[in-house]
Amino acid sequence: MKPLAYRIRPKTFEDIVGQDHLVGPKGVIRKMLDSNQLCSMILYGPAGCGKTSIAEVIASYFALNSYHYNASIDNKAKLKEIAEAAKLYQNVILIIDEIHRMKKDVQDFLLPFVESGALTIVGLTTENPYRAINPAIRSRTHIYRLNEITKEDIIKLLKKTIDQEKMKVITEDILEYIAIVSSCEVRSSLNMLEIANMLDQEELTLENVKALIGKKSFAIDEEGESYYDIASAMIKSIRGSDPNAAVHYLARLLQSEDIEFIARRLMILAYEDVGLANPNVGPRVYAACHTALEVGLPEARIPLSYAAVDLATSPKSNSAYLAIDAALADLEQMTSMQIPPHILNKELKSHKYTYQYPHDFKGGYVKQQYLPDDLIDKVYYEPKDTGAYERGVKEYLTKLKQS
């Protein structure tokens, strides 16, 4: 019998979890297909979030003229064959897996076909396309980020699968356990569900499932405490400058052996909660977390503890975090925000406006407008007094205002 994850592969958009912003009833990809106006796109997000499933459902709409190309293993000759098909069908859907690995000569060959509409590409990648994909490809595609799959998404999928496959009844605590230890990856969670279903109904207890799956987890303790609650407690302890509590919750998280999850949260926290109060902490935490990922457990506990203690004992400032969120909020509300012409390159080339180069002035500063007219005097960044570095920033900005 084929594996469960293979048997229930999504066949329609309704089968895909966690990506309603793209494929739900009001999702942008669904609207494209409904109006028969599919545009070239790049789908990016973490492994197991549904990129391939979305691409395959898109391909099902174009069964006679859709092709797959893997940028890691396929060669240019295969792409030429697909290009010939495009001449025959006028328009071909080309799904490109690992698109960030596409070689430059292959991209150069592909671009005219995308430009003319003979090929509509659906690129798939786990990498950030703004950093990893050639600008020539990026400029010809719409870029959509897939959401990380949540615990609730996985539990919903597992329940649906149990009903659909007429599997044994499984209790809520077991479903939650599977969602957590699978790191909310769809394929892993289905594999674990299939293994758990090997137990007889009377044996389907949390302890038996833990033993059968074979992965120790501290995700659910005797009080039903979740892994994410422990992670939240660690973050709040660091934010609250309690290194002892931070290390305690770190130790509990380490029992999951999910170093990547821990490292990601520590790196985010360095810039969100410590920020400019101690700007050197970001690179230090980054180095510690990448050391942990490189060496693995049990040694990874040491650099991760270093990072947690460093963050907890640092002065705190969320000024940069508040600044960008306030700026993003304005973008949601305002429609006209023209860049001032004296700092716009195309206007400067016309010699109608003069840009004052700060380095030509005493102290490397000259007062001129940078914000759009609708945002003049808007303040997003307000430095705090919690760290020596940011106190210096505050003094410097105050001095500039008075000049």
Backbone N or O of [Y] within a donor-acceptor pair of the [X] side chain at under 3.5 Å?
| X | Y | value |
| --- | --- | --- |
| Thr125 | Glu127 | yes |
| Gln369 | Leu371 | yes |
| Tyr69 | Asp74 | yes |
| Ser60 | Val57 | yes |
| Lys316 | Leu311 | yes |
| Arg140 | Ile137 | no |
| Lys103 | Ala71 | no |
| Asp258 | Phe261 | yes |
| Glu185 | Ile149 | no |
| Gln356 | Val366 | no |

Within a strict 4.5 Å, meaning less than it, do heavy atoms of the [X] and [Y] side chains meet?
| X | Y | answer |
| --- | --- | --- |
| Leu190 | Glu194 | no |
| Thr126 | Lys51 | yes |
| Ser319 | Leu276 | yes |
| Val122 | Ile96 | no |
| Arg252 | His248 | yes |
| Met234 | Leu269 | no |
| Thr313 | Ser241 | no |
| Tyr365 | Pro358 | no |

Under 3.5 Å, is there a donor-acceptor pair between the [X] and [Y] side chains?
| X | Y | value |
| --- | --- | --- |
| Asp330 | Tyr380 | yes |
| Glu98 | Asn70 | no |
| Asn147 | His21 | yes |
| Ser35 | Lys31 | no |

Report task. Give a yes/no verdict on a cation-pi contact between Arg391 and Tyr389, requiring under 6.0 Å between NZ or CZ and the six-membered ring centre and an angle within 45° of the axis. Result -> no
**Report entry** CA sep, side-chain torsions, deciding dist, call: Ser232, Lys236, side-chain hydrogen bond (donor to acceptor under 3.5 Å, both in side chains)
**Finding:** CA-CA 6 Å; Ser232 178; Lys236 289 182 175 68; 2.5 Å; yes
Query raised in the report: Given Ile54, which of Ile95, Leu124, Ile29 fulfils the side chain to side chain contact (heavy atoms under 4.5 Å, CB included) condition?
Result: Ile29
Query raised in the report: Given Ile195, which of Ile178, Val209, Leu212, Leu4 fulfils the side chain to side chain contact (heavy atoms under 4.5 Å, CB included) condition?
Result: Leu212
Query - Residues Arg30 and Glu14 bridged, charged N to O under 4.0 Å - result: yes
Query raised in the report: Going by an N to O cut-off under 4.0 Å, is there a salt bridge joining Lys160 and Asp15?
Result: yes
Query raised in the report: How are the rings of Tyr61 and Phe13 set relative to one another: parallel (under 30°), tilted (30 to 60°) or perpendicular (over 60°)?
Result: parallel
Query raised in the report: Should the ring pair His290 and Tyr286 be called parallel, tilted or perpendicular, given that the plane angle runs from 0 to 90° and is split at 30 and 60?
Result: tilted
Query raised in the report: For the residue pair Phe109 and Phe113, is the inter-centroid distance of their aromatic rings smaller than 6.0 Å?
Result: yes
Query raised in the report: Between CD1 of Ile259 and CZ of Arg264, what distance do you get to the nearest 0.5 Å?
Result: 13.0 Å
Query raised in the report: Around Lys384, counting heavy atoms of other residues, nucleotides and ligands shown, do more than 12 lie under 6.0 Å from its NZ?
Result: yes
Report task. Might you work through the side-chain hydrogen bond (donor to acceptor under 3.5 Å, both in side chains) test for Thr150 and Asp153, ending with a clear yes or no? Result -> CA-CA 5 Å; Thr150 66; Asp153 290 330; 3.0 Å; yes
Query - Trace of the salt bridge (Lys or Arg N to Asp or Glu O under 4.0 Å) decision for Arg7 with Glu165 - result: CA-CA 9 Å; Arg7 295 199 308 272; Glu165 294 289 307; 3.1 Å; yes
Report task. Could you please spell out the steps behind the side-chain hydrogen bond (donor to acceptor under 3.5 Å, both in side chains) verdict for Asn208 and Glu203? Result -> CA-CA 7 Å; Asn208 287 343; Glu203 295 176 326; 5.9 Å; no
Query raised in the report: So Lys78 and Glu81, salt bridge (Lys or Arg N to Asp or Glu O under 4.0 Å) or not? Walk me through it.
Result: CA-CA 5 Å; Lys78 180 174 180 178; Glu81 293 175 7; over 6 Å; no
Query raised in the report: Yes or no on side-chain hydrogen bond (donor to acceptor under 3.5 Å, both in side chains) for Glu390 and Ser317, after CA distance, side-chain angles and deciding distance?
Result: CA-CA 9 Å; Glu390 204 165 17; Ser317 173; 2.6 Å; yes
